[in-house]
2 protein chains.
Amino acid sequence: MIRVIIAEDQRMLRGALGALLNLEDDIEVIAEVGNGEEAFKSILSLQPDVCLMDIEMPIKTGLDVAEELKQLGSPCKIIILTTFARPGYFKRAVNAGVHGYLLKDGPSDELAETIRKVTQGKREYAPELVFGSLQEENPLTEREREIMKLVAEGKTAKEISAELFLSSGTVRNYISEVINKLNVKNRIEAISIAQEKGWL
Amino acid sequence: MIRVIIAEDQRMLRGALGALLNLEDDIEVIAEVGNGEEAFKSILSLQPDVCLMDIEMPIKTGLDVAEELKQLGSPCKIIILTTFARPGYFKRAVNAGVHGYLLKDGPSDELAETIRKVTQGKREYAPELVFGSLQEENPLTEREREIMKLVAEGKTAKEISAELFLSSGTVRNYISEVINKLNVKNRIEAISIAQEKGWL
DNA sequence: ATTTTAAAATGACAAATGTCACCTCATAAT
DNA sequence: ATTATGAGGTGACATTTGTCATTTTAAAAT
């Protein structure tokens, strides 16, 4: 019997996946949790074979949990299940030694099969990620992201400069640089693109 | 036997819900589709009793579909299933005569029960929406929304004026009016607020 | 028939934005 | 010791943006 924990903050999906997996004779869902911290705790206490884990969850992300478990040398196999095909996420997940990385856009009927493979030590990654077409790498520096987030809230260069203890000229230089990098014509388009790609 | 169609663009959730509902003896999932247009077509051709429908889907939103079906006088009961508790969405849904409005954050085990109630003509709305703050109404006119959508893409007043056959001064007047209505200081903040409230 | 209202336009003005060339300073690399 | 490199800065300039008062026109409302 393969013992599984599901960590996913959207209740409807969590419940549905639980029901779906419980249909399989060789799989048993022993817990369903809604945030990263609970996931971490219940993996330690219940010692499941596999944890199906979302990335964006309250308190701790799934990647945080995976990294901490790796440090502790936990034998629990992690399968990341997320909406996001961002290369940054994927890279971090692979480094954290996760055994699977699936997309919520993928088919639900292969899920059980993936769980079985993973318990045998195999690894399974969504083909979209392994082959090309991974979303572009975030080209913005930390500082640029920080500033663009404030820009996206509608703050002016002057306000941002006061908040970050810079001159307003410097802020405008940063924004200008971002506009240039993203190859767009103004800050609003830059916001629009950056948000769409998840770079913000 | 209650015949159900599921319209949801996230495959994993769609598949899992399908499996979940097929467990019930009195419910049969006769189709699963991934966008609004397919949903519309298959409701007309397959004549299901109930359609479980997401709002944000490719091509057509679930609300668009619900409204068109109402016009045609379709007997199919619609249950909206969405992440978003926006009052604008909810109100539009009620006006379109939908029989249910559930949140993806809600429990999955009441889903089958809701479907049964709805087929009996009852209506079921997520309590978060019925009680508590069905807050602010969208204060923007059709024209203002149209312009703000373009503004949010980073288009300049001049570009928008060319696209809508207006003068750029008029466009700026509209934007100014929106900024005033939303009580913010510039177009970017206006975008930020309007998107947050789902007014866009 | 007259008044209201809404959509669209104009012109003028101050403020904010985007660009660019060039400067300073500290730290890392050679 | 010298050279990049990167974070931060300045000043100048042309555009764009935001505001406002005022006008025109057509469609509704009275």
Side-chain angles (χ1 to χ4, degrees), chain A residues 87-88 91-92 136-200, chain B residues 67 87-88 91-92 95 136-200:
Chain A
K91 237 182 235 173
R92 225 184 120 190
E136 300 145 83
E137 199 63 59
N138 190 338
L140 305 182
T141 69
E142 181 57 37
R143 199 52 152 171
E144 287 166 349
R145 267 200 305 283
E146 187 179 16
I147 287 176
M148 288 311 291
K149 277 185 214 166
L150 298 174
V151 169
E153 289 171 18
K155 300 211 164 95
T156 67
K158 205 192 291 179
E159 288 171 324
I160 295 171
S161 72
E163 205 165 321
L164 301 183
F165 307 104
L166 298 175
S167 85
S168 76
T170 300
V171 173
R172 284 196 288 153
N173 284 342
Y174 276 117
I175 296 171
S176 185
E177 185 55 29
V178 170
I179 288 172
N180 187 44
K181 273 188 183 174
L182 302 189
N183 196 29
V184 293
K185 71 179 157 322
N186 60 39
R187 54 178 71 189
I188 305 183
E189 204 180 345
I191 294 167
S192 163
I193 297 295
Q195 285 180 338
E196 188 184 312
K197 306 250 187 186
W199 291 340
L200 224 154
Chain B
E67 283 160 2
K91 197 159 190 197
R92 224 184 121 190
N95 285 339
E136 305 140 89
E137 200 54 47
N138 190 336
L140 306 182
T141 68
E142 180 56 37
R143 198 54 152 170
E144 287 165 348
R145 268 201 305 281
E146 186 179 16
I147 287 176
M148 289 311 290
K149 277 186 212 165
L150 298 174
V151 169
E153 289 170 17
K155 299 209 165 96
T156 66
K158 205 193 293 180
E159 288 172 323
I160 295 171
S161 72
E163 204 166 321
L164 301 183
F165 307 104
L166 297 176
S167 84
S168 75
T170 301
V171 172
R172 286 196 287 152
N173 284 341
Y174 275 117
I175 297 171
S176 184
E177 185 55 29
V178 170
I179 289 171
N180 186 46
K181 274 188 183 175
L182 301 188
N183 197 28
V184 292
K185 72 178 158 321
N186 60 38
R187 54 179 70 191
I188 306 184
E189 205 180 344
I191 294 167
S192 164
I193 298 295
Q195 285 181 337
E196 189 184 312
K197 307 251 187 185
W199 291 342
L200 225 154

Send over the distance from [X] [atom1] to [N] [atom2], rounded to a whole Å.
{"X": "A/E177", "N": "D/dT5", "atom1": "CD", "atom2": "C1'", "value": "14 Å"}
{"X": "B/I160", "N": "D/dT17", "atom1": "CD1", "atom2": "P", "value": "8 Å"}
{"X": "A/R145", "N": "D/dA7", "atom1": "CZ", "atom2": "P", "value": "12 Å"}
{"X": "A/I179", "N": "C/dC20", "atom1": "CD1", "atom2": "P", "value": "11 Å"}
{"X": "B/E189", "N": "C/dT17", "atom1": "CD", "atom2": "P", "value": "12 Å"}
{"X": "A/I147", "N": "C/dG18", "atom1": "CD1", "atom2": "P", "value": "13 Å"}
{"X": "A/N186", "N": "D/dG18", "atom1": "CG", "atom2": "C1'", "value": "15 Å"}
{"X": "B/K158", "N": "D/dT15", "atom1": "NZ", "atom2": "P", "value": "9 Å"}

Worked verdict on A/V151 versus A/V178 for side chain to side chain contact (heavy atoms under 4.5 Å, CB included): CA-CA 11 Å; A/V151 169; A/V178 170; over 6 Å; no

Would you give a per-nucleotide map of nucleotides 6-11 of chain C, 5' to 3', where B means the base has a protein non-hydrogen atom under 4.0 Å away, S means only the sugar-phosphate does, and - means neither? -SSBB-

Would you please confirm or rule out a distance under 4.0 Å between OP1 or OP2 of D/dT19 and any side-chain N or O of B/S176? yes

Whether A/S161 side chain and A/K158 backbone form a donor-acceptor pair below 3.5 Å: yes

Can you tell me how far apart CD1 (B/I160) and OH (B/Y174) are? Round to the nearest 0.5 Å. 12.5 Å

Is A/K181 atom NZ crowded by more than 12 heavy atoms from other residues, nucleotides or ligands, each under 6.0 Å away? yes

What verdict does the side chain to side chain contact (heavy atoms under 4.5 Å, CB included) test give for A/T170 and A/R143, after you've listed the backbone C-alpha separation in whole Å, the side-chain angles of each residue and the deciding distance to 0.1 Å? CA-CA 11 Å; A/T170 300; A/R143 199 52 152 171; over 6 Å; no

Donor-acceptor pairs under 3.5 Å, side chain of residues 187-195 of chain A to any protein atom, not counting sequence neighbours: which ones?
unit_1: A/E189; atom_1: OE1; unit_2: A/K185; atom_2: N; d: 3.3
unit_1: A/E189; atom_1: OE1; unit_2: A/K185; atom_2: NZ; d: 2.7

